[in-house]
Amino acid sequence: MAHITIKEIAKLSGTSVSTVSRVLNNSPSVSPAKRAKIKNIIEQTHFQPSMLARGMVSRKTNTLAVVISDINNPYFTDLLSQIGEIAHRSGYTLLLINTMTAGNNSKNSVQIEIDAFQSIEERKVDGVLILGGEIDKEEINKNYIEALNILNEHIPVVIIGQKVNGCNATFVERNQSQSVSIITRHLLALGHKNLAFIGGQPGIRVTSQRVNEFKKVLNIYSPSKNQQVILTDFYTQSGYDAITELLNSRKPLPEAIVAINDQVAFGAIRCLQDHQIEVPTDIALGSCDEFPGSEFMIPRITTVNQHNEKLGKIALFYLFNLIENKDFETIETNDLPELIIRESCGAHLLNK
């Protein structure tokens with residue numbers, strides 16, 4: 001029987017749609033005789049229940065929506081991988097909504113994300129995870145917050161990002177400053193005094209917080225008028241563009257560079273090599289945020305492991321409890337970032 005529906009299963013078994021749904025959801029409140037009859041018809045008709053059919057009684061679809069601002073960003077990709085693995089083990093499927101609003105400062109980007117929230121409500125998912133986008137900006141559109149709060153009233157929402165006043169969703173936060181302090185102090189300890197910071201985007205909180213920490217550390221340990229901050233974006237091309245701007249500035253080349261993440265570091269190294277400037281013999285480089293694959297670069301990137309994999313676990317712990325209306329304790333995400341010393345900082349050269 002092709003395209004059989006749950007209503008037809010109920011008719012064939014002489015039961016109600018709700019009884020069939022209880023069997024599909026393994027509810028104990030069905031007599032053994034009725035359960036056996038319904039299961040027999042399901043097998044004979046090769047019925048494939050949809051997630052919506054399973055949720056008719058439990059009102060659960062076992063589906064989580066994940067709103068991501070750029071699937072091409074390795075930070076989000078790595079998080080999504082962790083979330084997907086845990087969700088699958090827990091019996092959930094993911095509905096991925098890739099808004100591609102990262103780096104888009106137009107009013108249209110706000111509407112794209114608001115439209116995404118409205119689409120999610122129509123899909124009847126059990127919970128929502130938000131990774132990046134409008135929520136990460138320093139100035140957040142009021143309509144966006146209003147739409148997000150409305151979504152949260154109907155469906156539990158967990159955001160991996162920093163708490164925003166006026167937003168009622170649950171947040172999983174991480175310290176954005178520690179990694180910058182660690183890598184900057186490491187480069188200073190190697191004897192470098194003139195440092196530059198590259199990458200990041202104006203108007204994004206992670207950028208301003210990391211830049212402020214960079215300046216704070218330098219002002220304490222190496223006061224210098226030659227400090228340079230070049231904001232481009234968070235990607236490989238951003239690193240290449242930042243070095244191009246640095247070389248065109250006609251200012252003295254810094255002794256060391258702090259990149260906002262490994263992607264930016266990749267692009268920076270490529271641009272430096274294109275100008276016959278070798279890392280680390282001519283200039284040292286370190287990154288604030290480790291991404292997969294940095295250990296295979298030439299040179300291998302000295303970076304900071306912020307243990308981002310824990311963010312996904314905590315976010316799903318919160319979301320699962322919210323879905324089940326259970327109380328839970330907040331988990332602190334204050335694991336100390338780990339400095340990973342590799343080749344790009346030049347530390348190994350000091351031992352020769």
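Below, all heavy atoms of this structure are taken into account, side chains as well, without hydrogens, waters or symmetry copies. The model shown is predicted, which means the values in this text are computed figures rather than measured ones. Throughout, residue positions are numbered sequentially from 1 according to the sequence presented.
- Annotation for Cys288 and Gln306: closest pair O-NE2, 3.3 Å, computed over non-hydrogen atoms.
- Other residues, nucleotides and ligands contribute at most 12 non-hydrogen atoms within 6.0 Å of the NZ atom of Lys216.
- Residues Tyr92 and Phe320 place their aromatic rings such that the two centres sit under 6.0 Å apart.
- One side chain, Asp115 or Gln111, offers a donor N or O that lies under 3.5 Å from an acceptor on the other.
- The existence of a salt bridge linking Arg89 and Glu85 is confirmed by a sub-4.0 Å separation between a basic side-chain nitrogen and an acidic carboxylate oxygen.
- Not a single donor-acceptor pair under 3.5 Å links the side chain of Asn152 to the backbone N or O of Leu148.
- Between Tyr318 and Phe171, the ring center distance fails the sub-6.0 Å criterion.
- Heavy-atom minimum distance, Val217 versus Thr184: CG1-CG2, 3.7 Å.
- Atom NE2 of His88 is surrounded by 12 or fewer heavy atoms from other residues, nucleotides or ligands within 6.0 Å.
- Here the shortest heavy-atom pairing between Thr303 and Ser294 reads CG2-OG, 4.3 Å.
- Scanning all heavy atoms of the two residues, the minimum distance from Asn72 to Thr77 falls at C-OG1, 4.4 Å.
- Expressed to the nearest 0.5 Å, how far CD1 of Ile160 lies from CZ of Arg174 amounts to 9.5 Å.
- Using a distance-only test at 3.5 Å, with no hydrogens or angles considered, no donor-acceptor pair links the side chain of Ser238 to the main chain of Gly199.
- No donor-acceptor distance shorter than 3.5 angstrom exists from the side chain of Asp233 to the backbone of Gln201, with no hydrogens or angles considered.
- Taking 4.5 Å as the limit, every side-chain heavy atom of Thr170 sits out of range of all side-chain heavy atoms of Pro156.
- For Arg300, the CZ atom counts as loosely surrounded, since its 6.0 Å shell holds 12 or fewer non-hydrogen atoms of other residues, nucleotides or ligands.
- Shown here for Leu285 and Ala265, the closest heavy-atom pair between the two residues is CD2-CB, 3.6 Å.
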Test log, rule side chain to side chain contact (heavy atoms under 4.5 Å, CB included), inputs Val158 and Leu316: CA-CA 8 Å; Val158 173; Leu316 285 178; over 6 Å; no
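- The two residues Phe266 and Met297 make their nearest non-hydrogen contact at CE2-CG, 3.3 Å.
- Between the side chain of Thr61 and the main chain of Lys124, a donor-acceptor pair closer than 3.5 Å is present.
- Dense packing is recorded around CZ of Phe328, with more than 12 heavy atoms of other residues, nucleotides or ligands lying under 6.0 Å away.
- Taking 4.0 Å as the cut-off between side-chain N and carboxylate O, Glu134 and Lys137 count as a salt-bridged pair.
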